[in-house]
Amino acid sequence: MTTPNTASRRSLGEWWSNLSRPQQWLVLIPVVALVYALPVLNPPIISTEPGFDFQIAMFEVARYALVAIGLNVVVGQAGLLDLGYIGFFAIGAYVAALFTSPDSPLQKLPFLAVIPLAMAITMVFGIILGTPTLRLRGDYLAIVTLGFGEIVRLVADNVDPLRGQSGFQGVGHPPGTNDDGGALFNNTDGTPWYWLTVTVIIAVLFLVGNLERSRVGRAWIAIRDDEDAASIMGVNTFKFKIWAFVIGAAIGGLSGALYAGQIGFVNNQKFDVVTSMLFLAAVILGGSGNKVGVILGAVVVAYVPLRFLVIAEYKFLIFGVALIVLMIFRPQGLLGARQRLLTYGRLAYQRLLGKGEQVSSDTALVTEKNGGAR
């Protein structure tokens with residue numbers, strides 16, 4: 001039976017699907033403009049002040065969103081349960097520290113040059129980790145990835161050049177100066193970092209979206225739904241799982257480098273298992289496999305504790321209860337995955353049905369006949 005809420009969600013989804021790509025961009029332009037303006041507007045309803053600086057809070061939300069998008073490639077698209085994603089995040093942060101901090105003996109590089117370097121190094125680590133482990137599945141893969149995240153933290157604690165708890169101070173930042181001559185990107189003003197991270201998120205969304213609609217994305221979804229069936233149908237499952245791991249690792253390294261630059265200090269205490277679980281919670285809460293959904297999940301995970309500092313110490317309990325409730329009443333997350341497996345699927349549906357694809361409440365595609373769903 002179709003409820004009013006389900007019908008409204010479906011009608012909104014159908015309206016969006018019936019829009020052409022340029023029309024969707026026109027709708028998104030004011031939304032994106034509002035997102036960019038949030039730190040400047042500081043709306044009283046959602047402001048985290050006076051308890052926490054709102055601009056820094058917005059950067060934290062954007063950072064979690066970028067991490068969630070990367071983890072969603074691994075967990076949501078390819079169906080690989082990665083509990084140690086914090087390891088890639090940590091590697092990106094340490095690369096930024098090693099090549100920009102005065103505490104490091106290595107050659108210093110501009111921060112903007114370090115970002116692609118951090119992505120490349122985390123991609124290499126993704127291959128190193130994925131090659132022997134991605135033949136495993138389910139709980140075994142989860143345990144191995146969890147161990148990888150802990151190994152990265154323990155190596156940082158025990159290898160002298162990585163400075164353990166002492167860490168690296170004065171991590172570099174992008175160029176630019178304020179009107180007063182101070183650095184534009186600094187530790188106390190989160191607005192430039194937020195704008196930079198949102199810009200990176202938009203670029204990553206374009207790239208990931210194109211991948212989803214390509215042969216690679218179709219292979220990921222086939223592997224996620226049934227790896228054995230995908231293998232029988234000719235999909236090179238191991239190769240495409242490595243692709244997912246490497247792309248997810250690159251985005252994790254990118255987010256780690258941005259985090260290191262903003263906070264200006266990196267040590268081994270910032271990359272524990274609990275943080276990795278929060279990353280995964282953002283993906284599951286928002287809707288594994290849905291890019292917009294995981295961004296929404298990241299907003300919930302990062303923003304709520306900063307907005308309501310009274311309950312911040314209970315955030316793990318609250319998110320745990322929320323996950324249990326979601327698993328019972330809405331296992332697909334706040335926004336379920338809506339896969340478009342055809343590169344030109346929108347045009348195909350327009351020609352066949354005269355309208356965009358019809359998406360049911362459980363994210364399956366349906367058609368309508370005589371005003372009723374079948």
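Quick note: numbers below take in every heavy atom, side chains included, and nothing from hydrogens, waters or symmetry partners. Computed from a prediction, not measured in an experiment: that's the story for all the values here.
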**OP:** Please lay out, stage by stage, how F265 and F168 fare under the test ring-ring contact (aromatic ring centres under 6.0 Å, His included).
**Re:** CA-CA 6 Å; F265 174 72; F168 298 89; 8.7 Å; no
For the backbone of [Y] and the side chain of [X], can you confirm whether one donor and one acceptor N or O come within less than 3.5 Å of each other?
X: R63; Y: T197; answer: no
X: K108; Y: S104; answer: yes
X: Y85; Y: G252; answer: yes

Where is the tightest heavy-atom contact between [X] and [Y], given as atom of each residue plus distance?
X: I251; Y: V208; answer: CD1-CG2, 4.2 Å
X: A302; Y: V61; answer: CB-CA, 3.9 Å
X: L83; Y: S276; answer: O-OG, 2.7 Å
X: V152; Y: A90; answer: CG1-CB, 3.8 Å
X: L81; Y: T145; answer: O-OG1, 3.7 Å
X: A282; Y: A68; answer: CB-CB, 4.4 Å

According to a hydrophobic-cluster definition based on side-chain heavy atoms being under 4.5 Å apart (Ile, Leu, Val, Met, Phe, Trp, Tyr only), do [X] and [Y] belong together?
X: I202; Y: L207; value: no
X: V75; Y: L211; value: yes
X: V40; Y: V198; value: yes

Original post:
What orientation do Y94 and F271 show, parallel under 30°, tilted 30 to 60°, or perpendicular over 60°?
Top reply: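 Tilted, since the angle between the ring planes falls between 30° and 60°.
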Subject >> Single hit among F59, W193, Y194, F111 for ring pair (Phe, Tyr, Trp, His ring centres under 6.0 Å) with F185 >> reply: W193
**OP:** List for me each residue that meets side chain to side chain contact (heavy atoms under 4.5 Å, CB included) alongside A78, sequence neighbours excluded, and say none if there are none.
**Re:** L80, W220, A244
Original post:
Below 4.0 angstrom, N of the basic side chain to O of the carboxylate: do D228 and R137 qualify?
Top reply: yes
Original post:
With the threshold set at 4.0 Å, does a side-chain nitrogen-carboxylate oxygen contact exist between E227 and K241?
Top reply: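 Here E227 pairs with K241 in a salt bridge, since their nearest N and O are under 4.0 Å apart.
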**OP:** State, yes or no, whether a side-chain contact exists between T100 and V171 at a heavy-atom distance under 4.5 Å.
**Re:**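 Side-chain contact under 4.5 Å: yes.
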Original post:
Among side-chain atoms of S255 and Y64, is any donor-acceptor pair under 3.5 angstrom?
Top reply: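 Y64 and S255 do not have a side-chain donor-acceptor pair below 3.5 Å.
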**OP:** Verify whether one side chain among N42 and E49 offers a donor that lies under 3.5 Å from an acceptor in the other.
**Re:**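 Their side chains do contain a donor-acceptor pair, which is all the 3.5 Å distance test asks for.
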**OP:** Tell me, yes or no, whether the heavy-atom count around N158 atom CG, taken from other residues, nucleotides or ligands under 6.0 Å, exceeds 12.
**Re:** yes
Subject >> Ring-face cation contact, F238 with R135, 6.0 Å cut, 45° max >> reply: yes
**OP:** Please collect all ring-ring contact (aromatic ring centres under 6.0 Å, His included) contacts where either partner lies in residues 282-305, sequence neighbours excluded, each pair once.
**Re:**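 Sorted result for residues 282-305: empty, none.
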**OP:** Taking the six-membered ring for Trp and the single ring otherwise, decide whether the centroids of F88 and F125 are under 6.0 Å apart.
**Re:**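 For F88 and F125, the ring centres are not under 6.0 Å apart.
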